[in-house]
S.K.: 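The structure is given below, and queries will be raised subsequently.
Below, read A as the first sequence line, B as the second, and so on, with proteins coming before strands; counting in each chain starts at 1.
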Amino acid sequence: MTRKLLRINMSDLSATYEDMPEKWAKWAGRGLTSAITLDEIEPTCHPLGPNNKLIIAPGWVSGTPAAPSSGRTSFGGKSPLTGTIKEANAGGLSSQKIAKLGIGAIILEGTPKDGKWYTLHITKDGVQFDDASDLMGKGMYEVDDLCWQKYPNEPAVIGIGQVGERKLSNAGISVNDPENKPGRYAGRGGMGAVMGARGVKAIVIDDAGGPGVEIADMDLFKQGRKKLTAAIMQHDLTKKDGGLNSYGTNVLMNIINEAGGLPTRNFSAGQFEGAALISGEMVAEMVEKRQSGMTGHGCHPGCIIQCSNIYPNEEGEDFVSCVEYETSWALGANCGINDLDYVAKMTWECNDIGLDTIEAGNTVAVAMDGGLLEFGDKVGALALFDEIRKGTPMGRILGQGVEATAKAFGVSRVPTVKGQSMPAYEPRAIKGIGVTYATSTMGADHTAGYTIAPEIAGVGGKVDPLSKEGKADLSLTFQAATAFIDSTGYCLFIAFPILDIAEGWAGMAESVAGVMGMEITGDDVIPMGKEILKMERIFNERAGFTAADDRLPEFMRFEKLPPHNVVWDTSDEDLDLVYAWVNGTDE
Amino acid sequence: MEAEVRVFATLRRYLPELAIGEAKIVQIEPGTTLDQLRECLDLPAEEVKVIMVNNLQADPDDLVSDGDRVTYIPAVAGG
Ligand code: SF4
């Protein structure tokens, strides 16, 4: 393979194109960011210090002709929020453009000696270090606009808002969507602060005239692509006018509520009486009623599932993309807010100033629990984002995420694992996802091992969410499969059809094998995923994490969650089984 | 006896008169199964992926009891 490694050193403003070392040659996406992080980043370094790096990698099939839904970019390094290894990925325009420039990964390291901020302009001719003064202090909507005005060919814009400039732990990295709006976020884990620590406000990527992606075996690639596309188009969830295309991920709001697993008012209940008002069905109704916005929006060119949306405001204008499930839950149900227009306004704020919406919503909820506002106070909640934008002392605390805020307000109901707050599934009522939250290499993260598929949706089998039986194995299998899919460049949502349709699973592996010239089949997916997980676990162990960190917060063991009135009762021994194989203690 | 029935997402197309999350109150005979109840409501079997009764997973052959909260769910998932 001829993929290059682009190393950008901000200390001397140099950019070098290196041959991809043999040891990393088989990896892309998350596999590659994690391999580089393990090899090059001191596990004990300060995440904002000079020894951390930001690794950016497109997936194996990104940038290839018409591989479906394959525009995900992985962002890796050591997380300021968790102190663990981190990979956060996003859609948007960047993945395909980086890949088409023949770049396998960008390693961003060093700190500018002059203390200045830069915009990196990456083209086929190399990297230009532009003064970023014109963008400083600006939100991402304006940054994206200005970058398209200044640079030709409608480039990808990877950028950070004011929160990233201040290097706060809930800073996400924005990627522009096809309409050149921010909203596709590598949100989790504060990687925007890592980018800020490198003195980089934006990375502009123009692939015009680039060499494109080399495909080792075109026939095999095409065969795999065909099988995968057929599976996606056939499955009820991912087909045209199916659940995701019609309602987006927020199709889950009512369902998880019905299952009693919708975290409500800072994880104090499992059902929210206002769920219907902030659901995907309501988004679709608003689009119809206001005659603007859209459902079935694609976050990058070539997505055939198109789960995204553009939410219209009261004036009937396209307002914000995307009001997805996690966002609507975090800023809605979890704060006791039942008004979709306010959820949309807060989403716009997050997109603009550069916050992960999950952590942001949880942060507001914890602050509400601590008495800063009443639950349900939508006006007060929206005003908090202004504090964060301005960087007031209050705003800086909130910009640090849940744990810092919980400390500031004396709250003990803190829904975090390894410093990262939980997403929209209650682990007391859906036990498998709790195992994923506890043991994931990334802190509490649903995408890391989405057991919700069989526990709630009957996808990839059917298991009882309230049972503890077999959940350690289930979580590990999903964590491994996810690590692989996160390396492909495919959106994780291809997992749903291919879990049910075996041909699609094989097709995914074949498309990767075709691009890379690797001899892999569907049988290699889980073992290769485990290789990635192992690298991540080793990094975390070296950073000082132990089994004691693979636990859910204490309050979940004694606060009963209505309506099922259940506690978290999975044993520590069960949790420790999930990763016992890494150090060989399971056999 | 009666049961309250909810449908979500793409299944709402079959009961368009219901607002989002609104329940339809259905009179049923004792001995009715969840599958028979689905049939009465003209919900296509192939589109019902999961059934919940009183917030718990249920099987199509389970009997409906008086006052049950029944929910029919199509293919859903997200992230
Ligand atoms: S399915 Fe949704 S999140 Fe995934 S690539 Fe398509 S629009 Fe983006």
Side-chain angles (χ1 to χ4, degrees), chain A residues 235-239 241-244 246-261 270-271 274-277 279-282 284-285 307 324-326 423-424 429 446-447 450 452-453 455-460 462-466 491-493 495-497 499-500 563-564, chain B residues 2-26 33-35 37-39 41-79:
Chain A
H235 197 278
D236 282 342
L237 179 61
T238 47
K239 68 185 184 192
D241 296 327
L244 275 175
S246 305
Y247 301 108
T249 55
N250 204 2
V251 70
L252 282 171
M253 185 70 71
N254 289 310
I255 312 297
I256 303 297
N257 191 52
E258 203 54 38
Q271 280 185 323
L277 298 174
S279 64
E281 289 92 327
M282 188 58 96
E285 221 168 85
C307 77
E324 59 180 319
Y325 173 54
E326 290 296 336
H446 60 302
T447 64
Y450 193 71
I452 299 303
E455 290 189 287
I456 298 289
V459 170
K462 200 181 246 188
V463 296
D464 178 4
L466 289 159
C491 176
L492 187 54
F493 297 161
F496 306 128
L499 280 167
D500 283 341
H564 296 298
Chain B
E2 59 181 37
E4 47 178 281
V5 179
R6 286 175 178 77
V7 289
F8 290 113
T10 43
L11 285 177
R12 289 187 64 233
R13 292 167 190 160
Y14 299 97
L15 293 169
E17 70 279 12
L18 295 179
I20 303 165
E22 193 192 338
K24 183 179 177 78
I25 307 296
V26 186
T33 66
L34 288 166
D35 204 45
L37 175 57
R38 174 196 59 69
E39 194 79 47
L41 295 165
D42 289 329
L43 303 173
E46 65 280 4
E47 289 188 37
V48 175
K49 186 110 184 177
V50 174
I51 309 173
M52 280 188 215
V53 174
N54 303 327
N55 310 121
L56 298 170
Q57 268 182 10
D59 288 319
D61 298 335
D62 292 351
L63 294 179
V64 185
S65 305
D66 190 30
D68 271 353
R69 176 186 175 116
V70 179
T71 307
Y72 293 99
I73 298 168
V76 294

S.K.: Closest approach of B/V76 and A/A457, non-hydrogen atoms and distance?
M.R.: O-CB, 2.9 Å
S.K.: What pairs with B/N55 under side chain to side chain contact (heavy atoms under 4.5 Å, CB included), at least two apart in sequence or on another chain?
M.R.: A/E258, A/Q271, A/P563, A/H564, B/R69
S.K.: When rounded to the nearest 0.5 angstrom, what is the spacing between CG in A/D236 and OG1 in B/T10?
M.R.: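 So the CG of A/D236 and the OG1 of B/T10 are separated by 7.5 Å.
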S.K.: Quick one: what part of B/E46 sits under 4.5 Å from any heavy atom of chain A, side chain, backbone, both or neither?
M.R.: backbone
S.K.: Not counting sequence neighbours, which residues clear ring-ring contact (aromatic ring centres under 6.0 Å, His included) with A/F496? List them please.
M.R.: A/Y450, A/F493
S.K.: Return yes if some donor-acceptor pair links the side-chain N/O of B/Q57 with the main-chain N/O of A/V463 below 3.5 Å, else return no.
M.R.: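 Between the backbone of A/V463 and the side chain of B/Q57 there is a qualifying donor-acceptor contact (under 3.5 Å).
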S.K.: Chain B: which of A/L244, A/N254, A/L466 shares the most heavy-atom pairs with it under 4.5 Å?
M.R.: A/N254
S.K.: For the residue pair A/S246 and B/R13, confirm or rule out a side-chain donor-acceptor distance under 3.5 Å.
M.R.: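 Result is yes, a qualifying pair exists.
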S.K.: Of the listed residues (A/G248, A/P423, A/A259), which shares the most heavy-atom pairs with chain B below a 4.5 Å separation?
M.R.: A/A259
S.K.: For A/S279, which atoms come within 4.5 Å of any heavy atom of chain B: side chain, backbone, both, or neither?
M.R.: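 For A/S279, the side chain is the part near chain B, not the backbone.
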S.K.: Quick check for you: to the nearest 0.5 Å, what is the distance between A/I255 atom CD1 and B/T71 atom OG1?
M.R.: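 Between A/I255 CD1 and B/T71 OG1, I get 8.0 Å after rounding to 0.5 Å.
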S.K.: How close do B/A9 and A/V251 get, counting heavy atoms only, and between which atoms?
M.R.: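 Between these two residues, the closest heavy atoms are CB-CG2, 3.4 Å.
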S.K.: Using the side-chain contact (heavy atoms from CB on, under 4.5 Å) rule, take B/I73 and A/I456 through it: C-alpha gap first, then chi angles, then the decisive distance, then the call.
M.R.: CA-CA 10 Å; B/I73 298 168; A/I456 298 289; over 6 Å; no
